[in-house]
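Worth knowing before you read on, the calculation uses all heavy atoms, side chains too, and leaves out hydrogens, waters and symmetry mates. This is a predicted model, so every value here is computed, not measured. Letters go in sequence order (proteins before strands), and every chain restarts at 1.
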Number of protein chains: 2
Amino acid sequence: MSYVTEELAARLKAAREAKGLSQRELSALAGVPQSHISKIENNAVDLRVSSLSSIAHALDLELMLVPRKALPAVQSITRSVASAPVINAETQRELNRIRKTVDALASRASGANIENLQRRIREITQIQSQIDPEILQKIRRTIEAIESSGSNEAVNRAVENIRSLRNQLAHRAASHEKPRPPRPAYRLEEDQDG
Amino acid sequence: MSYVTEELAARLKAAREAKGLSQRELSALAGVPQSHISKIENNAVDLRVSSLSSIAHALDLELMLVPRKALPAVQSITRSVASAPVINAETQRELNRIRKTVDALASRASGANIENLQRRIREITQIQSQIDPEILQKIRRTIEAIESSGSNEAVNRAVENIRSLRNQLAHRAASHEKPRPPRPAYRLEEDQDG
DNA sequence: TCATTTGATCTACTTTGCTATATCATGTAG
DNA sequence: CTACATGATATAGCAAAGTAGATCAAATGA
């Protein structure tokens with residue numbers, strides 16, 4: 001295929017892997033057959049805008065037409081945002097296991113606290129910084145314990161557990177950051193804290 | 001069609017008109033039939049990435065996947081670049097006439113000074129600010145005069161003429177600008193002056 | 001060792017983008 | 001009024017995207 005689609009394919013694949021999704025999972029999210037996603041990532045098709053956009057959307061990416069003049073600035077920004085993809089592969093896998101466990105749990109038992117649990121997990125998944133896999137493992141054990149007990153208490157305990165971890169992560173991420181860029185003249189996202 | 005393609009279609013059409021190109025002209029540049037461009041702009045097709053990219057390229061646009069987080073910042077930048085599209089329609093048309101006249105001239109007679117002339121015209125076309133149509137009209141008359149005389153002198157006179165106009169425009173554009181944004185922390189384009 | 005997951009590949013079929021070409025109504029210039 | 005440029009449409013045909021579904025080797029997990 002062409003050079004443009006080659007870059008696109010690479011970016012899609014990278015984004016998917018960064019999110020720790022399998023082709024089949026992405027397939028479900030984007031509504032596109034796994035076989036087709038495979039072809040797309042291997043740059044074997046000249047895909048349509050609708051496909052590209054639905055896949056990109058599932059990966060929290062947005063399709064844009066940016067003026068050539070603005071390219072350097074835009075690239076600089078997207079680079080700064082896309083940085084810190086340096087997440088341990090093992091950590092990534094552990095996060096996926098957790099997510100799946102929770103999803104499985106949610107499919108059987110529902111409730112406000114379970115949704116809470118899911119939300120917390122999602123938060124952590126998005127933090128994308130170095131996390132001690134051991135801690136994650138403990139979290140997972142806790143969640144898995146819920147499946148047998150099925151008690152509300154267990155769920156709430158897990159939620160608290162995760163909430164604490166999230167705070168640890170946020171703190172660690174802040175201290176790990178570079179000594180701050182000279183002056184962040186543009187804002188990367190609207191305030192959207194809950 | 002979908003919402004995404006709708007936005008794209010609108011942006012493509014806007015970009016084309018901002019450049020003062022007809023669908024047929026763009027068709028030649030992008031290597032896509034005029035009929036197809038029409039359908040695309042009317043959001044009647046779910047076009048392929050290759051088509052989108054070739055058309056975008058012809059319009060000095062680049063296809064990009066932007067992280068959702070970076071969207072506001074990127075949009076802000078592209079907006080600031082794409083601003084000043086407020087060009088008089090009459091002026092636009094006059095600019096097109098000039099460009100065509102020069103191109104026609106170039107197709108018959110070639111030479112260093114004619115290329116110079118073309119370059120100057122291109123410069124002016126890109127300035128995209130309010131220009132007095134009367135001045136442009138004079139320029140065009142000058143260029144048209146070349147067609148009959150065919151003399152080198154006439155070409156050089158036109159080039160000087162246009163060079164002077166370009167400076168006037170640059171000056172006027174500078175004084176028309178807002179009192180400068182606080183601090184341009186990002187650079188919009190590499191230095192590429194010749 | 002055995003089961004599951006993953007990504008790649010294949011088949012068969014449908015849909016649709018894309019091309020080439022032409023026509024047409026509507027402006028707009030000369 | 002005449003001629004030309006513009007954008008929208010139409011026809012016909014080919015190529016390829018897209019779908020559903022299955023298979024398979026390799027990696028991974030239990």
Side-chain angles (χ1 to χ4, degrees), chain A residues 1-2 5 8-10 12-17 19-55 89-101 103-104 133 137 140-141 144 147, chain B residues 1-2 4-5 8-10 12-14 16-17 19-55 89-90 92-101 103-104 133 136-137 140-141 144 147:
Chain A
M1 278 298 124
S2 70
T5 55
L8 241 44
L12 288 179
K13 177 166 188 171
R16 175 178 65 80
E17 288 173 344
K19 277 194 133 37
L21 295 172
S22 71
Q23 290 183 346
R24 279 184 173 80
E25 287 172 315
L26 177 57
S27 163
L29 288 176
V32 167
Q34 174 265 327
S35 60
H36 200 222
I37 292 184
S38 170
K39 282 199 280 186
I40 290 172
E41 289 189 352
N42 285 313
N43 199 28
V45 286
D46 179 10
L47 75 172
R48 299 189 180 158
V49 169
S50 62
S51 305
L52 173 57
S53 129
S54 60
I55 292 179
E90 176 50 31
T91 304
Q92 184 64 269
R93 252 174 272 142
E94 186 64 39
L95 277 173
N96 283 340
R97 278 184 218 119
I98 292 183
R99 190 168 43 75
K100 281 180 190 171
T101 309
D103 286 351
Q137 210 170 6
R140 181 156 60 98
R141 304 269 182 246
E144 283 171 346
E147 299 214 73
Chain B
M1 279 296 124
S2 70
V4 200
T5 55
L8 277 174
L12 288 180
K13 177 166 187 170
R16 176 179 65 80
E17 288 174 343
K19 277 193 134 36
L21 295 172
S22 72
Q23 290 183 345
R24 282 183 172 81
E25 287 171 316
L26 176 58
S27 163
L29 288 176
V32 167
Q34 174 265 328
S35 61
H36 200 222
I37 291 184
S38 170
K39 282 197 279 186
I40 290 171
E41 289 189 352
N42 284 315
N43 199 29
V45 287
D46 179 10
L47 75 172
R48 300 189 180 156
V49 169
S50 62
S51 304
L52 173 57
S53 129
S54 60
I55 292 179
E90 175 51 31
Q92 184 66 269
R93 251 174 272 143
E94 185 64 42
L95 277 173
N96 283 341
R97 279 184 219 118
I98 292 183
R99 191 169 42 73
K100 281 181 191 172
T101 309
D103 286 351
L136 288 183
Q137 211 170 8
R140 181 157 61 97
R141 303 272 183 244
E144 285 172 343
E147 299 213 75

Quick check for you: among [options], whose closest atom lies nearest to any side-chain atom of [X]?
X      : options                  : result
R16(A) : dT9(D), dA17(D), dG7(C)  : dG7(C)
R24(B) : dA8(D), dG7(C), dG18(D)  : dA8(D)
E25(B) : dT6(D), dG18(D), dA8(D)  : dT6(D)
Q23(B) : dG18(D), dA17(D), dA8(D) : dA8(D)

Taking atom [atom1] of [X] and atom [atom2] of [Y], what is their separation to the nearest 0.5 Å?
X      : Y      : atom1 : atom2 : result
S51(A) : D46(B) : OG    : CG    : 6.5 Å
S50(B) : L8(A)  : OG    : CG    : 11.5 Å
I55(B) : L29(B) : CD1   : CG    : 11.0 Å

Expressed as a whole number of angstroms, how long is the span from [X]:[atom1] to [N]:[atom2]?
X      : N       : atom1 : atom2 : answer
K13(B) : dG7(D)  : NZ    : P     : 8 Å
L21(A) : dT6(C)  : CG    : C1'   : 13 Å
R48(B) : dA15(D) : CZ    : P     : 12 Å
L47(B) : dG18(D) : CG    : C1'   : 15 Å
I37(A) : dT19(D) : CD1   : C1'   : 13 Å
E41(A) : dA8(C)  : CD    : C1'   : 11 Å
N43(A) : dG7(C)  : CG    : C1'   : 16 Å
K39(A) : dA20(D) : NZ    : P     : 13 Å

Determine the contact category for S22(A): base if any of its heavy atoms lies under 4.0 Å from a base atom, sugar-phosphate if only primed atoms, P, OP1 or OP2 are that close, otherwise nothing. sugar-phosphate
Do L12(A) and L52(A) have side chains that get closer than 4.5 Å, going by heavy atoms?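 They are in side-chain contact.
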Check whether E25(A) reaches the backbone of S22(A) with its side chain - one donor and one acceptor, N or O, closer than 3.5 Å.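 Checked: pair present.
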Is there a donor-acceptor pair under 3.5 Å between the side chain of S27(B) and the backbone N or O of V32(B)?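 Yes, the answer is positive, given that a donor and an acceptor are paired below the 3.5 Å cut-off.
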Return no unless some side-chain N or O of S51(A) is found under 4.0 Å from OP1 or OP2 of dG18(D). yes
OP1 or OP2 of dA8(C) sitting under 4.0 Å from any side-chain N/O of N42(A)?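 Yes, such a contact exists.
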Taking only distance into account, with no hydrogens and no angle test, what donor-acceptor pairs under 3.5 Å do side-chain atoms of residues 34-41 of chain B form with protein atoms, sequence neighbours excluded?
{"unit_1": "Q34(B)", "atom_1": "NE2", "unit_2": "Q23(B)", "atom_2": "OE1", "d": "3.0"}
{"unit_1": "E41(B)", "atom_1": "OE1", "unit_2": "R16(B)", "atom_2": "NH2", "d": "3.1"}
{"unit_1": "E41(B)", "atom_1": "OE1", "unit_2": "Q23(B)", "atom_2": "NE2", "d": "3.1"}
{"unit_1": "E41(B)", "atom_1": "OE2", "unit_2": "R16(B)", "atom_2": "NE", "d": "2.6"}

So if I take residues 27-36 of chain B and measure heavy-atom distances to DNA chain C, which residues fall below 4.0 Å?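 Those residues are G31(B), V32(B), P33(B), S35(B), H36(B).
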